[in-house]
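Below is one structure, written out as structure tokens; comments come after it.
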Amino acid sequence: MAQKPSIPKGTRDFSPEEVSKRNYIINILRHNFELFGFQPIETPSFENSNTLMGKYGEEGDRLIFKILNSGDYLSKASEANLSFKDSNALTSEISEKALRYDLTVPFARYVVQHQNEIDFPFKRYQIQPVWRADRPQKGRFREFFQCDADAVGSDSLLQEVTFIQLYDAVFGDLGLEGVTVKMNNRKILSGLAETIGEADKLIDFTVALDKLDKIGEEGVIKEMLEKGISQTAIERVKPIFRVHGNFADKLILLKALLADSVIGKKGIEELEYINTKIEALGLSTISLDLDVTLARGLNYYTGAIFEVAAPKIVAMGSIGGGGRYDDLTGIFGLKNMSGVGISFGLDRIYLVIEELDLFPAQALKGTKLLFINFGETESLYCLKAVKKLREAGITSELYPDAAKMKKQMSHADKRNIQFVVLAGAEEIEQDVYTLKNMKTGDQKRLSISELIQELN
RNA sequence: GUGGUUGUAGCUCAGUUGGUUAGAGCGCCUGAUUGUGGUUCAGGAGGUCGUCGGUUCGAGACCGAUCUUCCACCCCA
């Protein structure tokens, strides 16, 4: 055998069955996005490097796929960077474009670039692949789809409320029980850092705090100490390691802890507002939880932070996330444009639904009826029926070759086609079609109109 | 980027301390059955043992490099 072709690490091929299942999820997402009034946009697969670089932190820059310039790109590179093998400096000289890393930054660029055409507040959704030069592992790929809904141009917290309802609607339609939307607020995290006198170590503080469920209280304390956060500061923040109870209980604890922090109190106020509205409106499928340790997400979140946890019975990281960013478009020169948005991780949602066996049979519907091909005259007779059936909306096809019957029948069998039609000389003479149900084995002769009626 | 792990037929995997011609199940093809698939029976095809190099009289097995798989870290959907 010839050497096997392959695909790059962290990428995947999708079979017809997998595409059908993915489309099932995408259709539910799209339907709900539109039901909530979001409009679709699409942006290029690659952007100018300077649009992306520096927007995701140092780690993010490393994970961005850079595209080599066309032509003799080395001729423009500086001798100094070449001879010193300075990869970072050289990159900007030989690469001016990069693959999209997420959908939020391109969206911010889109908003700034099209600000005069857009009517604000603007709500858009976007379902496209993104690429990260990460090391793959379970549920982590180098090419994967993000499904984002964002709203810009409104400070109203009703947007946050709406996004929680959107999560509820989508996971309800998917039949995925046990999903928890965890919510926090950047202002709370800022307030905590401020209260304990470590405001300048906010990022280190939150990154360590975020790992609580993974490395435990001791691990978090150890990491905080390593990052230079003082023992007394840690003592003061310890109560949040052990918060419990419902949303309101946690708020009470936070109120006590953040009584002296203006920004912290603002965060509490926001969370309380959102929770009150959600309680009044009710949720049907998901549950909403306040998670003070939730700090995940990009540095640009300024208000609400969301993370969607898969049902506990499946071992899977987050299947979605989002938050409020007051100044995302600021980096592209458009000030005072607040945005808030959420993302659905299609590939991970797929894995969860697959693991829980929640794909409905209807997600896989293919051809319903295959006509067996007996030869020239017979196939034309069949094609006439195929045309009428298709006009009636019945998925049908004719086997293209007059192959052996066993081959044609087993083809129908393997493709899970429910019915076959056998039409030879005898049927043509009587102007009928022999319909066979592949499941039961039943056969009957029907006229074309009876055939359509039978299958509708 | 750091550490570990994996790779043998289309798929899932055996293969003893290095020893003749590398196996199984499933799948595939042909026939039993020239207008009847899924079951059964008989037969058949299919391998550069990831790749390159090394050790050895001899390598699927040992060593090195590289690619790939999966896992942990970092980070993240």
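To find a chain, count down the sequence lines: A is the first, B the second, and so on, and within it residues start at 1. Hydrogens, waters and symmetry mates are skipped; everything else that's a heavy atom, side chains included, is used.
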Pairs in or reaching into residues 35-52 of chain A: which pass salt bridge (Lys or Arg N to Asp or Glu O under 4.0 Å), with residues at least two apart or in two chains? E47(A)-R109(A)
Sequence-distant partners of [X], ring-ring contact (aromatic ring centres under 6.0 Å, His included), two or more places apart:
X: Y350(A); result: F359(A)
X: F38(A); result: F163(A)
X: F205(A); result: none

Using the [atom1] atom on both, measure [N] against [M] and round to a whole Å.
N: C75(B); M: U2(B); atom1: C1'; result: 13 Å
N: G46(B); M: G23(B); atom1: C1'; result: 14 Å
N: C74(B); M: G4(B); atom1: C1'; result: 15 Å
N: U16(B); M: C62(B); atom1: C1'; result: 16 Å
N: C71(B); M: C26(B); atom1: C1'; result: 28 Å

With the sugar-phosphate defined as primed atoms, P, OP1 and OP2, and the base as all remaining atoms, what B/S/- string results for nucleotides 31-45 of chain B, 5' to 3', for protein heavy atoms under 4.0 Å? S---BBBB-------
Assign [X] to base, sugar-phosphate, or nothing according to its heavy-atom contacts below 4.0 angstrom with the strands shown.
X: G375(A); value: nothing
X: V207(A); value: sugar-phosphate
X: F141(A); value: base
X: G60(A); value: nothing

Would you call the rings of F107(A) and F122(A) parallel, tilted or perpendicular, taking 30° and 60° as the class edges? tilted
Pairing stems for RNA chain B [at least three consecutive pairs; Watson-Crick or G-U; under 3.5 angstrom]: B:1-4 with B:70-73, B:10-13 with B:23-26, B:28-32 with B:40-44, B:50-54 with B:62-66
Apply side chain to side chain donor-acceptor pair (under 3.5 Å) to Q146(A) and list each qualifying residue two or more places apart in sequence or on a separate chain. none
The criterion is side-chain contact (heavy atoms from CB on, under 4.5 Å); which residues satisfy it with E96(A), sequence neighbours excluded? N69(A)
Can you sort out the partners of S410(A) under side-chain contact (heavy atoms from CB on, under 4.5 Å), two or more places apart, ordered by chain and number? K414(A)
Atom NZ of K9(A) and atom C1' of G1(B): how far apart are they, to the nearest Å? 11 Å
Looking at R140(A) and D134(A), does any basic side-chain N land under 4.0 Å from a carboxylate oxygen? yes
Would F144(A) pass as stacked on A77(B), i.e. its ring centre under 5.5 Å from the base's six-membered ring centre and planes under 30° apart? yes
Any donor-acceptor pair, under 3.5 Å, between the side chain of R135(A) and the base of U2(B), if you only look at N and O atoms? yes
